[in-house]
*Asks:* 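After the structure tokens below, expect a handful of questions from me.
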Amino acid sequence: MDLRYEAYCFADRHFYDVQSPSETADDDFSHILPALPEGWTQTDKNIWRHLHPDGVRLPKQGWKIHVSATVLNAAQVLLETFEHLVPKRIPFKYLRTRSIVLARNSKYAPREGSGKLITVYPADEAELESTLRELSEVLRGQAGPYILSDLRYGTGPLHVRYGGFVEQWLEEDGKRVLAIEGPDGALVPDRRKPTFSTPDWVSLPACLEPHLAARRAGDAGSFPYDVLSSLHFSNGGGVYLAERESDGARVVLKEARPHAGLDRDNVDAVARLVREHRVLTRLAGVPGVPSVLDRFTAWEHEFVAMSHVPGIPLGQWLGRHYPLTHHRVDEQALAAYAQRALKLVGEVERILAAVHERGVVFGDLHPLNVLVDTDDSVSLIDFELASGIEEGRRPTLGAPGFQAPPDREGFEIDEHALAALRLYVFLPLNAVVELSPVKLRSHVAFIEQRFGLPREYCARIVEVLEPRDAAPRGPAVTPLDEPEPDWAVVRKSIAAAILASATPHRHDRLFPGDVEQFEVGGACFAYGAAGVLHALDVAGQGRYPEHERWLLEAVRRDPPKEPGFFTGAHGIAHVLENLGHHDLAGELVDSYAALLPGTRDHGLASGLSGIALNLLHFADSRGEQAHAARAVELGERLATALAQAAPPGGKARAGLLHGWSGPALLFTRLFEHTGERRWLDLAERAVERDLAETMTALDGSTQVRDGNFRTLPYVGVGSAGIALALNELAVVAPDRPVVGRLPELVDACTGEFVIHPALALGRAGLLAALVHAGGPRAAVDKHLSALAWHAVPHQGGVAFPGIQLRRLSMDLETGGAGVLLAIAAAVDGVPALPFLRAPARTGRWAQPRSIPEKE
């Protein structure tokens, strides 16, 4: 679970965003600060406001100071820090608003960034020492969360770590990560783990040695339990499996950090843990509820020890048993699952009834807080939001799709969550219903028909979950919900929603999309304007000159940070070239050539294979063989890298965007370009390297292994991505032995349930893989039909939720533009992604075509 998304949900109820409408004069910190003197530059970037004195040059990396604060004292801490740093001309940045401070310190915000209000950039270690010494006096007595990634200076709100002063990026395990330079000048990850550490080659400044010693002394203090493993982490603290030293009893320890893990009422994790201890004491002896054993304080943190409850979270249980993820399922399996799921829901209802008899509102019923043991016995855990019915309290936190609306109170809060759980065990898309309540009836109609559920069971779900002020609706709320969708209308409706969401007045992004757009920029192919304009054009939904102008201006105003295709310059150049903006397209390709020697990633998303494929595209579109020659050079580098590739590890990477399937696609295209058969050999070896990361999934299909149990069928990372690359190889070399693996990869694309609609990590990608590889028509039709599960009416069109289903996305990799491309591939036969040939329309495997060979 990527915790970054939580912080981007505070700003807007429809889209992931950083520009909050709540940024009023009272909310924006700039209004409590003095005017900057002349000679300073102020720049807003995402959630941060950067202040830099003109003429001061900083190194690329070094020791930085972080100042922490609570929501309540943030304004005072910022003002006092500002008044100290500005006269000394020391650069710094700060969080722009109080609402951002709350979001960054909320329970499910990333732990490594929690507590940071201000980042100070000393020019050297001498300035580091003097600034720490002086600021510690200025801010004496101010409270703030401990910044887990840092070393605290003294006992106040100052913390330090070694890291980057400027943004540099590289790709690691399929993700873009911030980087610093190692001793040899090569980029290495700038680790931001929730524990203090320094790079191997960096020495701790002498002024910090006493503070590191104090930290170690605190860590070595007495603790009455031996921690065996961690079970869960949030920004508020951890949950651990432990043994009590006094008698060896196995317990669960729950930890709470002061001033961290805030809810929207600014209540921290410590206050909630104290409440949980009180509630569990009240519930002593209730079957299915943990027994409270102890409460104590250690190293500033609060702890509660409780009995260990066996089982796995209901969401994990669903992942192992839910039949609609399988590529083959019969009515008997559906009936058996339905009987078992109904029994589990009944057990949850029984425990809730016992909790209510004690006068307690649970307040936080959702799949992570329901544990299922091997015998299907059920327990409830995590009572930190529970309260006595007499308190009249409403939970201020809640899981998406399970939190009760404001008009529910008392035991109705739990009844709402229980109804949501009744729906979840048969169609786990509750977040979509929260995002668009009009989807409720069609979801319930589906589970009633598909699983043969009792009508009264389904009627109860609708009765409880439907908003009380909503007029009854029929099931068809979007063109995709129609029994026989008109695909021309569907495509037009998706385009309408995309265009209605455009914000040409903003500089940071044109179309709302994934949170990554705020890191890589709003122009890129994966998450930005380039990919959306590409999808609209390729899918026959038109050209939009005003939006193309935005893209042109954005590239000139804020050039891409890297050369890669999906996240950098080459993807933007590809789209500009196809749209006829040849001059800027050529400038981008040429100006980023100098960065290619330092690019080591092999992937299609950000690495050499995507860049080389685009160079071949430019060679074809312009007839300039210099581009092709550079593509061949990059292919040679990738051939060497493939020969030296490390063996597969435990973490998934294989797939089209981040695995060796991207280079396999490049090698196939280089064979077509040169006629040299050695490129086919390399393509086969690259596919085999990705296949080495696959395993037989629970349903018998071949999917990419991700850890010990989880498997992935997707395009970006997963077996569908391998299938796309292997299908391209099969077209030109059908007799290669590896081509025989294609059907088993295609099988993995046929499961009925997919959590996301996205192209890279969801249903649209599985649909695209089936269409390109000539998969079963019935499976294609099933995916087209099931897109309705995620289809949300928006501004007179149809939109789709992005990653985590919390907010809508319009981008190509995670949102509506990618769904539009997949539908166009299925209905119109256009390529779902650049560098793929048009899909087979015959319903059979793609047919080979003759390619001239060179001797």
Side-chain angles (χ1 to χ4, degrees), residues 5 8-21 23 46 431-432 434-439 477-480 489-554 572 575 756-760 762 764 787 790-824:
Y5 288 83
Y8 290 91
C9 288
F10 282 72
D12 189 282
R13 61 183 300 267
H14 296 296
F15 304 114
Y16 295 119
D17 206 351
V18 295
Q19 303 270 344
S20 174
E23 291 174 13
N46 298 339
V432 177
E434 181 174 291
L435 195 59
S436 180
V438 296
K439 300 300 296 182
V477 295
T478 76
L480 272 163
V489 172
V490 168
R491 296 195 297 281
K492 184 177 180 180
S493 298
I494 296 173
I498 290 171
L499 295 169
S501 74
T503 55
H505 59 281
R506 289 177 57 160
H507 285 177
D508 59 338
R509 57 104 158 133
L510 176 58
F511 300 104
D514 190 73
V515 302
E516 282 287 345
Q517 67 180 193
F518 299 112
E519 296 291 345
V520 301
C524 72
F525 189 82
Y527 311 112
V532 174
L533 295 177
H534 167 83
L536 291 170
D537 181 41
V538 170
Q541 299 306 306
R543 294 274 302 275
Y544 299 91
E546 69 277 21
H547 297 329
E548 292 176 24
R549 282 195 299 272
W550 186 97
L551 179 58
L552 294 168
E553 293 167 2
I572 299 171
V575 174
H756 290 115
L759 185 60
L787 283 171
H790 293 89
V792 171
H794 180 73
Q795 295 289 308
V798 177
F800 295 87
I803 300 303
Q804 294 196 6
L805 308 179
R806 304 282 303 275
R807 296 294 186 268
L808 302 176
S809 172
M810 303 297 172
D811 68 35
L812 182 141
E813 184 158 316
T814 73
V819 175
L820 178 62
L821 273 179
I823 292 173

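Computed over heavy atoms, backbone and side chain alike; hydrogens, waters and symmetry mates excluded. The structure presented is a predicted model; accordingly, all values stated were derived computationally and were not measured.
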*Asks:* I need the Q795 CD to L499 CG distance, nearest 0.5 Å.
*Replies:*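 So the CD of Q795 and the CG of L499 are separated by 12.0 Å.
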*Asks:* On a heavy-atom basis, which atom in V490 and which in P479 lie closest, and how many Å separate them?
*Replies:*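 Closest pair (atom of V490, atom of P479, distance): CG2-CB, 3.9 Å.
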*Asks:* Identify the two heavy atoms, one from V438 and one from P793, that lie closest to each other, and give their separation to 0.1 Å.
*Replies:*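 It is CG2-CG, 3.8 Å.
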*Asks:* Begin with the C-alpha distance, continue with both residues' side-chain angles, and end with the deciding distance and a verdict on salt bridge (charged side-chain N to carboxylate O under 4.0 Å, His left out) for R506 and D17.
*Replies:* CA-CA 12 Å; R506 289 177 57 160; D17 206 351; 2.8 Å; yes
*Asks:* With R543, which residues qualify under salt bridge (charged side-chain N to carboxylate O under 4.0 Å, His left out), at least two apart?
*Replies:*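 If we apply the salt bridge (charged side-chain N to carboxylate O under 4.0 Å, His left out) test to R543, skipping adjacent residues, the hits are E548.
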*Asks:* Would you compute the distance between atom CG of D811 and atom CG of L510 and round it to the nearest 0.5 angstrom?
*Replies:*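 One finds 12.0 Å between CG of D811 and CG of L510.
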*Asks:* So how far is it from Q804 CD to Y5 OH, rounded to the nearest 0.5 Å?
*Replies:*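 If we round to the nearest 0.5 Å, Q804:CD and Y5:OH are 6.5 Å apart.
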*Asks:* Which residues satisfy the side-chain contact (heavy atoms from CB on, under 4.5 Å) test with L552, sequence neighbours excluded?
*Replies:*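 Partners of L552 under the side-chain contact (heavy atoms from CB on, under 4.5 Å) test: R556, L576, H581, L584.
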*Asks:* Once side-chain contact (heavy atoms from CB on, under 4.5 Å) is applied, do any residues pair with A817, and if so which ones, sequence neighbours excluded?
*Replies:*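 Applying side-chain contact (heavy atoms from CB on, under 4.5 Å) to A817 gives I498, V532, A535, L812.
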*Asks:* Holding to side chain to side chain donor-acceptor pair (under 3.5 Å), I want the full list of residues that pass it with E516, two or more places apart in sequence or in another chain.
*Replies:*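 Partners of E516 under the side chain to side chain donor-acceptor pair (under 3.5 Å) test: R4.
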*Asks:* Which side-chain hydrogen bond (donor to acceptor under 3.5 Å, both in side chains) pairs, counting each pair once, include a residue from residues 519-541, with sequence neighbours left out?
*Replies:*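 Of all non-adjacent pairs touching residues 519-541, those that pass side-chain hydrogen bond (donor to acceptor under 3.5 Å, both in side chains) are Y527-E813.
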*Asks:* If you compare all heavy atoms of W550 against all heavy atoms of P504, which two are closest, and at what distance to 0.1 Å?
*Replies:*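 Of all heavy-atom pairs spanning W550 and P504, the closest is CD1-O, 3.5 Å.
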*Asks:* Any non-hydrogen side-chain atom of I803 less than 4.5 Å from a side-chain atom of S809?
*Replies:*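 Side chain of I803 against side chain of S809, heavy atoms only: no contact under 4.5 Å found.
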*Asks:* Give me the atom names and distance for the closest heavy-atom approach of A764 to A822.
*Replies:*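 Distance-wise, the nearest heavy atoms are O-CB, 3.3 Å.
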*Asks:* Would you compute the distance between atom CZ of R491 and atom CG of L820 and round it to the nearest 0.5 angstrom?
*Replies:*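 With rounding to 0.5 Å, CZ (R491) is 8.0 Å from CG (L820).
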*Asks:* Residues two or more places apart in sequence or in another chain: which of them pass ring pair (Phe, Tyr, Trp, His ring centres under 6.0 Å) with Y8?
*Replies:*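 By the ring pair (Phe, Tyr, Trp, His ring centres under 6.0 Å) rule, Y8 matches F518.
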*Asks:* About how many Å separate CG of L808 and CG of L805, when rounded to the nearest 0.5 Å?
*Replies:*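 Those atoms lie 10.5 Å apart.
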*Asks:* Tell me, do V798 and V819 make a side-chain contact under 4.5 Å, heavy atoms counted?
*Replies:*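 Sidechains of V819 and V798: no contact.
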*Asks:* Sort and list the pairs that fulfil salt bridge (charged side-chain N to carboxylate O under 4.0 Å, His left out) and have at least one residue in residues 520-534, not counting sequence neighbours.
*Replies:*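 Sorted pair list comes back empty.
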*Asks:* What are the two closest non-hydrogen atoms of G797 and A496, and how far apart are they?
*Replies:*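 Shortest heavy-atom separation between G797 and A496 comes out as CA-CB, 4.3 Å.
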*Asks:* Side-chain contact, heavy-atom cut-off 4.5 Å: I572 with L551?
*Replies:*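 Yes, side chains in contact.
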*Asks:* Just to verify, what does R807 make a side chain to side chain donor-acceptor pair (under 3.5 Å) with, not counting sequence neighbours?
*Replies:*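 None.
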*Asks:* Tell me the ring pair (Phe, Tyr, Trp, His ring centres under 6.0 Å) pairs involving residues 492-517, sequence neighbours left out?
*Replies:*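 Non-adjacent pairs meeting ring pair (Phe, Tyr, Trp, His ring centres under 6.0 Å): F511-H547.
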*Asks:* Taking only residues at least two apart or on different chains, which pairs with a member in residues 792-818 satisfy ring pair (Phe, Tyr, Trp, His ring centres under 6.0 Å)?
*Replies:*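 As it turns out, the ring pair (Phe, Tyr, Trp, His ring centres under 6.0 Å) pairs with a partner in residues 792-818, which skip direct neighbours, are H14-H794, F15-H794.
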*Asks:* How far does NZ of K439 sit from OG1 of T478, to the nearest 0.5 angstrom?
*Replies:*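 Between atom NZ of K439 and atom OG1 of T478 there are 4.5 Å.
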*Asks:* Within the side chain of T503, is there an N or O that forms a donor-acceptor pair under 3.5 Å with the backbone of R509?
*Replies:*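 Present.
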